[in-house]
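All of these numbers come straight from a predicted model, not from anything done at the bench.
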Amino acid sequence: ALLLAASACADDDVDNADEGRSTAVITTSSVAVASPPTGEAPGTAAPDASAPSADPAATAAPPASGAPVTEPPVAPTRPASDVGDPQVEFATITELAAPVDLAWRQDDPTLYVVGQAGLVTAVDATSGATRTVLDITDLTDASSEQGLLGLEFHPAGDRAYVNYIDGGGDTVISEFAVDGDGTFDRGTERVLMNVDQPYANHNGGDLAIGPDGMLYIGLGDGGSGGDPERRALDLGTLLGKISRIDPTPSGGAPYTVPSDNPFVGTEGALGEIWSIGLRNPWKFTFDPVTRDLWIADVGQNQFEEIDLVAAPPDGSVAGRGLSFGWSAYEGNERFNDDQPADGHVAPVLVYPHGAECSISGGAPYRGAAIPDLWGGYVYGDYCSGRVRVLDLAGERNLPLGTVDDITAVVAGPDQELYVLSGGGSVNRIVPVS
């Protein structure tokens, strides 16, 4: 089976236990925020060292290279986060080899589907017609959790960013120029970042352009099992983190570290770090309406989790300086006792392993075709194939159906959702006809 260390699972109920750092389903207005940092690396000093600064981030930085930020979609008549009784099915758009991600360009209805082997394929969402727009199969080796894993377009649409594992097993973040017809110019590859991966699993791989136009990069804890080198809470490595960069070159460097990143100037910390304490953030996304940050973090042997951070009211970006707890916790349960117990944001949903074992989330639904799904977070599990919608307002976790070997649930250019299968299918979620 391709991708995702087996790690998650379970029943249809939201975890409401009161133990540890457990949190029942919560609304975005009540997301927990931890204490200010002390300036020292987590695990070596005060328990709250991984939490956000008490001084909120300054106003959001301008978009990278002055590019416009996409306007959020307009809500349908149903209020935000008011999920009804959605009746949906999965319409197969096309079949491709091992699709793992999907991205789109501003003002372009094309679906750009990432194949793990190293291909990006442009798909016409209406006809299903396909054409290859990037081939880097010679740069990556698709096996287990490795290969071409993530894609995101610059807001201007003339550049794209990819996250792949090279022949040596390390993460590469590269930029490519994109022609007007969506074809990538292979000869323009500009490597932004190389990150050493000590093991072959937990590579993360997702990318996102945030509400501020910056590039956000998700990386797992480096692999093996149990975070053996305690990287996830270590501010001296990008592993187990979401990083934030401006891809614009600066002073001879291939990218710029934004000055308002939370650990800039912190001794021993890497300035690129935005959020910490993640095991394998396979998919994360910013809600295009609320700007909230959702993370599907693949678990260890017992639990899968969904994390949520509300967008700050001052207009800055969600997740700044926060810790999501791994490997002090797996889900809501203590894991590595030598990691600090305090100063972490609890998940909004935890589910145990059983038939399910690896979360492949996820995205909030902001399309127009299925009003009853509006505002819900739709996610899947790789092992069971079950697709569900997490309804925070109604404190429900509703089944929607099944798709084999789910690798991603991703929003398309019209904010309708697509479920990708490692078996090859690209499926659009549509109302039952």
Side-chain angles (χ1 to χ4, degrees), residues 14-15 21-37 42 48-61 72 80-81 204 206-212 214-219 232-233 240-244 258 260-263 273-298 304-326 328-329 331-332 342-350 359 361-364 366 375-379 390-393:
V14 172
D15 184 329
R21 59 175 190 143
S22 178
T23 299
V25 170
I26 57 176
T27 63
T28 56
S29 61
S30 63
V31 175
V33 177
S35 308
D48 294 335
S50 58
S53 172
D55 180 16
T59 53
S81 301
D206 206 13
L207 300 168
I209 295 291
D212 54 357
M214 296 295 164
L215 180 63
Y216 291 76
I217 302 163
L219 294 177
L233 294 174
K241 316 291 190 301
I242 291 177
S243 297
R244 173 184 185 247
D260 61 342
N261 276 4
F263 301 107
I273 295 172
W274 184 252
S275 302
I276 72 174
L278 295 162
R279 182 177 179 273
N280 193 19
W282 174 240
K283 297 297 175 190
F284 67 94
T285 189
F286 293 96
D287 188 318
V289 171
T290 65
R291 296 162 51 108
D292 298 344
L293 172 62
W294 292 88
I295 306 170
D297 196 13
V298 180
E304 302 299 294
E305 73 176 65
I306 296 171
D307 299 308
L308 169 65
V309 179
D314 65 0
S316 56
V317 180
R320 183 180 189 273
L322 293 177
S323 169
F324 295 97
W326 176 257
Y329 291 89
N332 290 317
D342 299 324
H344 310 294
V345 176
V348 294
L349 178 72
V350 171
I359 192 166
R366 298 302 186 184
Y377 178 78
V378 180
Y379 68 99
L390 176 59
D391 170 21
L392 288 175

**OP:** Would you give the length of the straight line joining atom OG of Ser323 to atom NZ of Lys241, rounded to the nearest 0.5 angstrom?
**Re:** 9.5 Å
Original post:
To the nearest 0.5 Å, how far apart are CG in Asp297 and CG in Leu278?
Top reply: 5.0 Å
Original post:
Does Trp282 offer a backbone N or O that forms a donor-acceptor pair with the side chain of Asn280 under 3.5 Å?
Top reply: no
Original post:
In chain order, what residues pass the side chain to side chain donor-acceptor pair (under 3.5 Å) check against Asn261, with sequence neighbours excluded?
Top reply: Arg244
Original post:
Is there a donor-acceptor pair closer than 3.5 Å between any side-chain N or O of Arg320 and the backbone N or O of Asp260?
Top reply: yes
Original post:
Considering all heavy atoms of both residues, which atom of Gly321 and which atom of Pro262 are nearest to each other, and what is their separation?
Top reply: N-CG, 3.5 Å
Original post:
Could you give the distance from OG (Ser275) to CG (Asp307), rounded to the nearest 0.5 Å?
Top reply: 9.5 Å
Original post:
Rounded to the nearest 0.5 Å, how far apart are CD1 of Ile306 and CD1 of Ile295?
Top reply: 11.0 Å
Subject >> Tyr377: side chain to side chain donor-acceptor pair (under 3.5 Å) partners, not counting sequence neighbours >> reply: none
Original post:
Do Leu293 and Phe284 come within less than 4.5 Å of each other through their side chains, counting heavy atoms only?
Top reply: yes
Original post:
Tell me, do Ile359 and Glu305 make a side-chain contact under 4.5 Å, heavy atoms counted?
Top reply: no
Original post:
Quick one: are Leu322 and Val309 in side-chain contact, heavy atoms under 4.5 Å?
Top reply: yes
Original post:
When rounded to the nearest 0.5 angstrom, what distance separates OG1 in Thr285 from CH2 in Trp294?
Top reply: 10.5 Å
Original post:
Within the side chain of Trp274, is there an N or O that forms a donor-acceptor pair under 3.5 Å with the backbone of Ala318?
Top reply: yes
Subject >> Distance-minimising heavy-atom pair for Ala311 and Asp292 >> reply: N-OD1, 2.9 Å
**OP:** Kindly write out the residues that satisfy side chain to side chain contact (heavy atoms under 4.5 Å, CB included) with Ala328, not counting sequence neighbours, or none if the list is empty.
**Re:** Leu233, Arg334, Gln339, His344
Original post:
In Å, rounded to the nearest 0.5 Å, how long is the span from OG1 of Thr290 to CG of Leu308?
Top reply: 8.0 Å
Subject >> Near-ring test Phe286/Tyr216, centroid separation under 6.0 angstrom >> reply: yes
